[in-house]
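Below: one structure, written as C-alpha cells.
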Amino acid sequence: MQPESLPPQLLNLLRQGMQALQQGRWEEAEVAWRRVLAGAPDFAELHNDHGNLLLNLNRPAEAEAALRRAVSLKNGYAPAWCNLGNALAALERRQEACEAYQRALSLDPGLSAARYNLGMSQLAQENFRDGWANYESRWLSEMAAQRRELPGRRWNGETPASGDVLLVHAEQGLGDTLQFCRFLPPALKAGFSRLVCEAPAPLVSLLRTSFAGEAIEVVAKGGQPVQAAWHCPMLSLPLALRAGVESPLPAIIPYLTPSQPARERWMARLPGDARRAGLVWSSNLRHKRGMHRVIGAAPVARALGGWEGEVYGLVKEVRPEDKVVASRWPDLGPLLTDFDETAAAVERMDLVVTVDTSVAHLAGALGRRTFILLPFGGDWRWFQRRQDSPWYPSVRLFRQKAPGDWSGVVSELAAAVAECGRSEKS
C-alpha cells in the first residue's frame with residue numbers, strides 16, 4: 001500500500017505530519033499520524049513510522065504496540081522488525097530485542113541497521129564475542145556517511161611488520177573517545193613502532209599529556225593527513241584486541257591525566273582540602289538522545305541536601321529553566337575551555353554527580369568517585385541492571401525504573417550522598 005492510495009484528506013494530513021517531523025515538531029507530527037491511522041488502520045507503513053515517532057518521544061511501550069501492529073499487517077516487513085527491536089531495547093528487554101533483530105535479518109540479511117542494533121543489544125548483555133563483530137555494521141548504517149577511505153590497511157588484530165605505524169581515528173563523540181582511548185596502549189603493544197591518534201580538538205591536550213610516556217602521538221582531527229601502514233576506527237579497537245573475549249576490559253585507572261599547568265591553575269582556583277561535589281544535570285541537547293539525558297538542576301539540588309561541603313556546577317550551557325536553581329552554586333562552566341581544564345577541575349572534586357555525558361567518562365577515567373544518572377533503556381555501554389561499571393571501578397550507576405521518571409533515581413541518589421557524608425565522618 002502506497003501513501004498515494006490514501007484518500008485526499010488523509011494524504012494532506014500525512015503531508016502536514018511529515019513536514020512537522022522534518023522540522024522536529026515531534027508531538028505535532030505524532031498527532032497527525034494518529035489522525036491518519038484512525039482513517040487508515042490497516043496501513044503497515046504508517047504504523048511503522050508511528051512507532052519510530054513514539055520512540056523519539058520516549059514512549060517505548062506505545063511504540064512496541066504500533067510496531068507489533070505493523071509486522072502483523074505486513075508479512076516479512078524486515079524494517080518494522082528492526083524497529084520493534086529498538087522499542088524492546090528501549091524497554092530494557094534486550095534478549096527479546098535480539099530476537100526481533102534476528103527475525104529482521106532472516107527476512108533481509110543485508111539490513112545493516114538490524115545487525116548494528118543487534119550488536120549493541122549483545123554488548124549490553126556483555127556478549128562481546130558477537131557484539132563487537134556486529135557493531136561493525138555501524139559503517140553500513142547509522143555512520144555510513146562518516147566512513148573514511150584512508151591509505152594503508154584496516155587493522156583487525158594482525159601482527160604488523162617491524163616499524164609499522166597505526167593510525168587510530170576517533171569516530172564518534174567526546175565521551176566515546178574518552179572511554180575508548182584506554183585501548184591505545186594495548187594497540188601499540190600489539191607490535192607497532194608508533195601509534196598516531198586523531199582526536200577532536202577539545203581532547204588533544206588532555207590525551208597528549210595522558211599518553212606522553214608512550215610512543216603515541218595525538219593530533220587534531222581535520223589537520224594534515226596522517227601516513228600510516230595501518231588504520232583503525234577507535235571503537236573498533238576492542239574487536240581487534242578481542243577485549244572481553246580473550247582479555248578483560250581494560251580498567252587500569254586512572255588512564256587520563258591533566259597537564260601540570262592546568263592542575264596548578266585549579267589548585268589556585270579551588271585551594272585547600274574542602275569537600276567538593278561537581279554537578280552535571282543535563283547533557284548536550286543537540287545529541288540525538290540528549291533530551292533523555294536531562295534530569296535538571298532542581299532534582300539534583302534536592303538529592304544533594306545531605307552533602308556537607310562545597311558544590312559546583314560543571315555544565316557548559318545552562319538551560320534557562322535551570323538558571324535559578326543553578327545560580328546557588330559557583331558556575332565553573334566558563335572556565336572549562338577544553339578537557340585538560342575540565343580534567344583538572346574534576347580532580348579537585350571528591351564527588352561528581354552527572355547524567356550520561358562526557359564528564360561521566362572523564363570522571364571515571366580519572367578515578368574520581370562518580371554517581372552517574374541513567375535514563376531507562378540507556379546506552380549499551382552501561383550494560384544491564386548493574387550498579388557498578390567494569391569500565392570504571394569508582395563509578396556507581398543510578399537507573400530510571402520507567403521512561404522519563406527520575407523520582408526513584410533522586411531518592412537513591414539522596415541516600416547515597418548522605419551515606420558519603422557518614423562514611424567521611426567515620
Side-chain angles (χ1 to χ4, degrees), residues 1-121 134 137-138 140-145 288-289 291-292 375-377 402-404:
M1 188 176 185
Q2 300 299 316
E4 290 75 14
S5 63
L6 290 170
Q9 184 178 1
L10 292 181
L11 183 59
N12 184 54
L13 185 58
L14 177 61
R15 287 170 177 158
Q16 292 175 20
M18 292 176 69
Q19 183 179 26
L21 182 62
Q22 291 166 357
Q23 295 174 355
R25 305 195 313 272
W26 302 101
E27 291 85 356
E28 184 179 330
E30 198 268 331
V31 170
W33 246 265
R34 283 191 181 277
R35 291 174 62 190
V36 173
L37 282 166
D42 297 328
F43 199 148
E45 288 80 0
L46 284 176
H47 285 285
N48 179 57
D49 293 342
H50 188 215
N52 282 334
L53 262 172
L54 290 164
L55 277 174
N56 279 297
L57 288 167
N58 201 26
R59 291 154 59 182
E62 295 174 70
E64 180 193 1
L67 292 159
R68 289 199 182 279
R69 177 66 172 156
V71 297
S72 71
L73 286 168
K74 187 173 181 179
N75 187 34
Y77 194 1
W81 277 104
C82 177
N83 292 329
L84 176 58
N86 295 341
L88 293 166
L91 288 164
E92 297 194 348
R93 290 152 56 190
R94 293 282 189 173
Q95 185 53 44
E96 290 179 70
C98 287
E99 292 165 6
Y101 296 134
Q102 287 162 340
R103 177 66 182 275
L105 289 166
S106 72
L107 296 166
D108 182 0
L111 188 57
S112 55
R115 195 168 301 281
Y116 165 57
N117 286 299
L118 172 62
M120 288 193 288
S121 276
N134 287 322
S137 291
R138 67 192 183 278
L140 301 174
S141 54
E142 183 171 285
M143 295 184 61
K288 65 179 181 179
R289 284 186 58 81
M291 62 182 289
H292 307 313
F376 190 81

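Residue numbers run from 1 in the order of the sequence given.
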* Structure fact -> To the nearest 0.5 Å, atom CG of Asn134 lies from atom OG of Ser112 at 11.5 Å

* For the student: nearest non-hydrogen atoms of Leu88 and Ala100, plus distance -> CD1-CB, 4.2 Å

* Asked: Checking Asn12 side chain against Pro8 main chain: does a donor-acceptor pair fall under 3.5 Å?
  -> no

* If we only count heavy atoms from C-beta on, is the Trp26 to Leu21 side-chain gap below 4.5 Å? -> yes

* Asked: Are the side chains of Pro60 and Leu54 in touch, meaning some heavy atoms are under 4.5 Å apart?
  -> no

* Asked: Looking at Ala89 and Arg94, what are the two nearest heavy atoms and their distance?
  -> CB-NH1, 3.7 Å

* **Atom of Val71, atom of Ala80 and distance for their closest heavy-atom approach** => CG1-CB, 3.6 Å

* Run the salt-bridge test on Glu99 and Arg103 with the 4.0 Å N-O cut-off and return the result as yes or no. => no

* Are any side-chain N or O atoms of Asn48 and backbone N or O atoms of Ala44, one a donor and one an acceptor, separated by less than 3.5 Å? -> no

* Asked: Looking at side-chain heavy atoms only, is the closest gap between Met120 and Arg138 below 4.5 Å?
  -> no

* Asked: Side chains of Trp33 and Leu13: closer than 4.5 Å at any heavy-atom pair?
  -> no

* What distance do Arg68 atom CZ and Leu84 atom CG have between them, rounded to the nearest 0.5 Å? -> 4.5 Å

* **Heavy-atom check, side chain of Leu14 versus side chain of Leu46, under 4.5 Å** => yes

* Report yes or no: does Asn56 contribute a side-chain atom to a donor-acceptor pair with the main-chain N or O of Asn52 at less than 3.5 Å? => yes

* Where do Glu92 and Pro375 come nearest, in terms of heavy atoms and distance? -> OE2-O, 4.3 Å

* Say you draw a straight line from SG of Cys82 to CG of Leu118; how long is it, rounded to the nearest 0.5 Å? -> 9.5 Å

* Roughly how far, to the nearest 0.5 Å, is the CD atom of Glu27 from the CG atom of Leu53? -> 10.0 Å

* Between Asp42 and Arg69, is the closest basic N to carboxylate O distance under 4.0 Å? -> yes

* Asked: Does atom CZ of Arg35 have more than 12 heavy-atom neighbours from other groups under 6.0 Å away?
  -> no

* CE of Met18: more than 12 outside heavy atoms within 6.0 angstrom? -> no

* To do: Provide the closest heavy-atom pair for Tyr116 versus Glu142 in the form atom of the first, atom of the second, distance.
  => OH-OE2, 3.3 Å

* To do: Considering non-hydrogen atoms only, spot the tightest contact between Ala40 and Leu6 and give its length.
  => CB-CD2, 3.6 Å

* Does the Tyr101 side chain pair with the main chain of Asn86, one donor and one acceptor, at a distance under 3.5 Å? -> yes

* Structure fact -> So CD of Glu62 and NE2 of His50: to nearest 0.5 Å the spacing works out to 7.0 Å

* Any side-chain heavy-atom pair of Trp81 and Leu67 under 4.5 Å -> no

* Asked: Can any side-chain N or O of His47 pair as donor or acceptor with the backbone N or O of Pro41 at less than 3.5 Å?
  -> yes

* CD-CZ distance between Gln102 and Arg115, expressed to the nearest 0.5 angstrom -> 9.5 Å

